[in-house]
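The structure appears right after this line, and notes come after that.
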2 protein chains.
Amino acid sequence: MIRSHGGRVTAVKRAVLNTLISAPQHLSVETLTGSVQQVAPDTSASTVYRILEELEGLGIVVHSHLGHTAAVYHLSGLVHGHLSCVRCAETIEIPASFFSTIADRVSGDYGFTLDEHHLALSGTCARCQGR
Amino acid sequence: MIRSHGGRVTAVKRAVLNTLISAPQHLSVETLTGSVQQVAPDTSASTVYRILEELEGLGIVVHSHLGHTAAVYHLSGLVHGHLSCVRCAETIEIPASFFSTIADRVSGDYGFTLDEHHLALSGTCARCQGR
DNA sequence: GTCAGTGCAAACGGTTTGCATGTTT
DNA sequence: AAACATGCAAACCGTTTGCACTGAC
């Protein structure tokens with residue numbers, strides 16, 4: 001896919017993709033860069049940003065803004081939503097189906113199509129509520 | 001309310017509140033500062049940030065992060081949600097009731113309570129889809 | 001008179017960009 | 001060899017903070 005769009009396959013791109021593939025959850029550019037540096041020690045964050053931008057353009061990767069912190073990136077394979085706790089910053093992944101009702105309503109009432117890849121809501125997680 | 005929490009009522013605070021009260025929609029700190037400067041010409045953005053922080057602590061004001069841009073602020077009076085268009089950045093306000101179904105589901109399944117004041121979703125508005 | 005509020009400028013953190021060098025094709 | 005990719009450093013933008021001064025009480 002990279003080659004078919006005029007891009008070149010490089011060691012850093014492989015490392016970024018490998019990290020994303022084996023990542024348990026969403027990664028910030030900072031952590032992503034850290035992982036990549038274990039393979040290619042002097043990879044810079046700016047390169048990771050550029051690679052992620054390319055991969056996002058190819059539809060392979062997706063990013064979300066979960067609150068006031070840095071953006072997180074992940075593979076676009078599985079569509080799903082996020083619940084982001086405003087107190088402990090924990091992120092819970094939920095099925096995209098949770099959004100189907102509201103997606104239908106905003107589509108019907110406003111002609112607005114929800115972005116499948118940016119389904120994020122804030123609130124308080126169960127643990128933080130117990131305190 | 002400001003005085004009862006040890007704060008002082010100043011000209012800039014009045015101007016910020018007046019702007020928020022008469023604002024048709026949500027305002028960024030930049031636009032808010034611009035409006036305030038028509039009354040108090042050398043008001044600085046840092047002061048506006050500090051005032052908004054105070055008002056948010058009092059529960060009078062609320063802010064949201066709608067995408068990759070600057071945060072927007074508004075009075076907390078009416079609880080409602082946002083639809084933010086990723087192409088033209090238009091923001092559509094929708095009733096909070098749209099979120100009731102998903103709020104119930106995440107509460108039941110994860111014990112997660114949605115934040116009434118940060119109900120924002122991204123997608124594509126009707127106009128941008130027509131192009 | 002005291003203490004909170006303010007303006008300014010500098011610091012900050014995440015992200016983007018310019019440029020010279022290195023690598024893929 | 002040509003074009004893309006990379007590292008570095010600097011620029012950028014929204015936001016926060018330190019400090020001296022002003023203004024509310």
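Within every chain, numbering begins at 1; the chains are lettered A, B, ... in the order of the sequence lines, protein sequences first and strands thereafter.
- The side-chain heavy atoms of Thr91(B) and Leu83(B), taken from C-beta on, include no pair separated by under 4.5 Å.
- Taking atom NE2 on His63(A) and atom C1' on dG14(C), their separation rounds to 12 Å, with Å as the unit.
- Using a 4.5 Å heavy-atom cutoff, the side chains of Leu121(B) and Phe99(A) are in contact.
- Using the six-membered ring where Trp is involved, His74(B) and His82(B) have ring planes that are perpendicular, over 60° apart on the 30 and 60° scheme.
- Screening Leu52(B), Ile51(B), Val72(B) for a side-chain contact (heavy atoms from CB on, under 4.5 Å) involving Leu32(B) leaves a single residue, Leu52(B).
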Indicate every side-chain donor-acceptor pair of residues 16-24 of chain B with a distance under 3.5 Å to a residue at least two apart or in another chain.
{"residue": "Asn18(B)", "atom": "ND2", "partner": "Arg14(B)", "partner atom": "O", "Å": "3.3"}
{"residue": "Thr19(B)", "atom": "OG1", "partner": "Ala15(B)", "partner atom": "O", "Å": "2.8"}
{"residue": "Ser22(B)", "atom": "OG", "partner": "Asn18(B)", "partner atom": "O", "Å": "2.8"}

For nucleotides 22-25 of chain D, list the nitrogen or oxygen atoms of the protein found under 3.5 Å from its nitrogen or oxygen atoms, one pair per line.
{"residue": "dG23(D)", "atom": "N2", "partner": "Arg8(B)", "partner atom": "NH1", "Å": "2.7"}
{"residue": "dA24(D)", "atom": "O3'", "partner": "Val9(B)", "partner atom": "O", "Å": "3.4"}
{"residue": "dA24(D)", "atom": "N3", "partner": "Arg8(B)", "partner atom": "NH1", "Å": "3.2"}
{"residue": "dC25(D)", "atom": "OP1", "partner": "Arg3(B)", "partner atom": "NE", "Å": "2.9"}
{"residue": "dC25(D)", "atom": "OP1", "partner": "Arg3(B)", "partner atom": "NH2", "Å": "3.1"}
{"residue": "dC25(D)", "atom": "OP1", "partner": "Val9(B)", "partner atom": "N", "Å": "3.2"}

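- Counting non-hydrogen atoms of neighbouring residues, nucleotides and ligands closer than 6.0 angstrom, the CD atom of Glu30(A) reaches no more than 12 such neighbours.
- The nearest whole Å value for the distance from the CD1 atom in Ile2(B) to the C1' atom in dG5(C) is 12 Å.
- Of the residues in residues 32-53 of chain A, Ser46(A), Tyr49(A), Arg50(A) come within less than 4.0 Å of DNA chain C through at least one heavy atom, sorted by number.
- For Lys13(A) and dT24(C), the NZ to C1' distance is 10 Å, given to the nearest whole Å.
- Whole-Å rounding puts the Leu17(B) CG to dG5(C) P distance at 13 Å.
- Annotation: side chain of Glu54(A) is not in contact with side chain of His5(A) (no heavy-atom distance under 4.5 Å).
- Atom pair Leu27(A):CG and dG14(C):P shows a separation of 15 Å (rounding to whole Å applied).
- Within the 4.5 Å cutoff, the side chain of Leu55(B) has no heavy atoms near those of the Tyr73(B) side chain.
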